[in-house]
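Notes follow once the structure below has been shown.
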Protein chains: 2
Amino acid sequence: MAYLKNHAYDIDTEELARFAKAMGHPARISILRFLSSLDSCFFGDICQELPIAKATVSQHLTELKNAGLIRGEIEPPKVRYCIDRENWDKANEAFRQFFANIQPKDICCDPQN
Amino acid sequence: MAYLKNHAYDIDTEELARFAKAMGHPARISILRFLSSLDSCFFGDICQELPIAKATVSQHLTELKNAGLIRGEIEPPKVRYCIDRENWDKANEAFRQFFANIQPKDICCDPQN
DNA sequence: TTTGTTGTTCGCAAAATTACGAATAAATTT
DNA sequence: AAATTTATTCGTAATTTTGCGAACAACAAA
């Protein structure tokens with residue numbers, strides 16, 4: 001549901017959430033792992049790696065494209081996909097910073113620490 | 001929708017996707033940022049930070065708990081929340097490895113590189 | 001021109017997500 | 001005992017997500 005106020009969360013938070021959301025499904029993690037393990041490949045190659053129908057794979061690819069994590073270019077009659085380097089690095093940095101910002105361990109409340 | 005086959009994706013992929021999914025909403029990123037900036041705090045403190053109703057905050061906290069990223073313990077009549085260090089580190093490492101596994105830049109297909 | 005290959009889009013259904021106010025539960029305070 | 005504080009749960013609604021098969025579009029090959 002869309003918020004009435006527009007900038008309810010700050011830009012960095014929204015961006016990190018968008019990257020995380022795009023990665024929030026095992027099929028999409030699989031696609032990203034596969035694509036990041038090679039230079040590029042065709043839709044059909046990705047399809048073979050996954051236990052789901054091609055229509056569904058296509059949907060997941062669209063979501064990853066919308067999040068900026070991958071690119072696709074038509075090479076008739078095929079479509080070549082690859083990681084979008086620029087945004088991949090951006091996402092990497094966003095996650096890195098996010099996790100790095102935690103308080104030092106010795107002053108955390110958690111009784112198990 | 002649940003898959004018919006059980007182990008359709010490997011464990012690491014499922015785990016990373018679960019962490020990512022939990023982080024896939026700006027309210028939950030905000031909660032995690034807030035909690036990781038201090039040792040611990042009460043539900044009410046978190047609520048004040050967010051532009052949504054307390055019932056919704058409670059739901060988001062439950063999701064973060066289910067993903068293992070936070071903990072909550074009752075201190076009547078309040079509830080104290082904090083980051084789950086163990087799983088936080090696990091998630092950090094999972095994301096770090098995920099992004100690190102990409103092929104070197106010079107052999108990627110992307111024409112913009 | 002017909003046929004085949006490749007991948008997206010359409011139409012649909014089931015389930016999950018996000019959100020809220022009201023009701024509830026649990027404990028303390030008055 | 002009644003009232004207050006704190007946070008969760010319930011009930012409900014709107015939207016999004018996930019998934020599939022069938023239909024479609026675009027191009028190549030026969």
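The chains referred to below are lettered A, B, ... by the order of the sequence lines, with proteins before strands, and numbering in each begins at 1. Below, all heavy atoms of this structure are taken into account, side chains as well, without hydrogens, waters or symmetry copies.
A:N66 places its CG atom 11 Å from the P atom of C:dT9, with the value rounded to the nearest Å. One can place CZ of B:F42 at 13 Å from C1' of D:dT5, the figure rounded to the nearest angstrom. At whole-Å resolution of the value, CD in B:E73 and P in D:dA7 are 13 Å apart. Between B:E75 atom CD and C:dA25 atom C1' the separation is 18 Å, expressed in whole Å. Look at NE2 on A:H60: it is 11 Å from P on D:dT17, rounded to the nearest Å. Straight-line distance from the CD1 atom of B:I70 to the C1' atom of D:dA7: 13 Å, rounded to whole Å. We find that CD of B:Q48 is positioned 14 Å from C1' of D:dT5, with the value rounded to whole Å. Following rounding to the nearest Å, A:R80 (CZ) and C:dT8 (P) show an atom-to-atom distance of 14 Å.
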Item to check | Intermediate values then yes/no, side-chain hydrogen bond (donor to acceptor under 3.5 Å, both in side chains), B:E93 and B:Q97 | outcome: CA-CA 6 Å; B:E93 185 58 15; B:Q97 278 189 31; 3.1 Å; yes

Next on the checklist: Set out, in order, the CA-CA distance, both residues' side-chain angles and the distance that settles side chain to side chain contact (heavy atoms under 4.5 Å, CB included) for B:I70 and B:W88, then state yes or no.
Outcome noted: CA-CA 8 Å; B:I70 66 171; B:W88 183 270; over 6 Å; no

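At distances below 3.5 Å, not a single donor-acceptor pair connects side-chain atoms of B:N101 with backbone N or O atoms of B:F98. Judged by distance alone, the side chain of A:Q103 and the main-chain N or O of B:S36 form no donor-acceptor pair under 3.5 Å. Without hydrogens or angle criteria, B:S58 side chain to B:K54 main chain gives no donor-acceptor distance under 3.5 Å. Distance alone, capped at 3.5 Å, places no donor-acceptor pair between the A:N92 side chain and the B:F99 backbone.
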Detail all sub-3.5 Å separations between protein N/O atoms and N/O atoms belonging to nucleotides 8-10 of chain D.
from	atom 1	to	atom 2	distance (Å)
D:dT8	OP1	B:Y81	OH	2.3
D:dT8	OP2	B:S58	OG	2.8
D:dT8	O5'	B:S58	OG	3.3

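Considering only the side chain of B:A53, C:dC20 comes nearest among C:dT6, C:dC20, D:dC20. Distance from the side chain of B:H25 is smallest to C:dT18 among C:dA27, D:dG21, C:dT18.
If B:K21 and A:P77 are placed on DNA chain C by their nearest nucleotide, the residue sitting closer to the 5' end is A:P77.
Ring-plane geometry between A:H25 and B:Y9 is classed as perpendicular, the angle between the planes exceeding 60 degrees on a 0 to 90 degree scale with a lower cut at 30.
Distances shown here put a side-chain N or O of A:R28 below 4.0 Å from the OP1 or OP2 atom of D:dT18.
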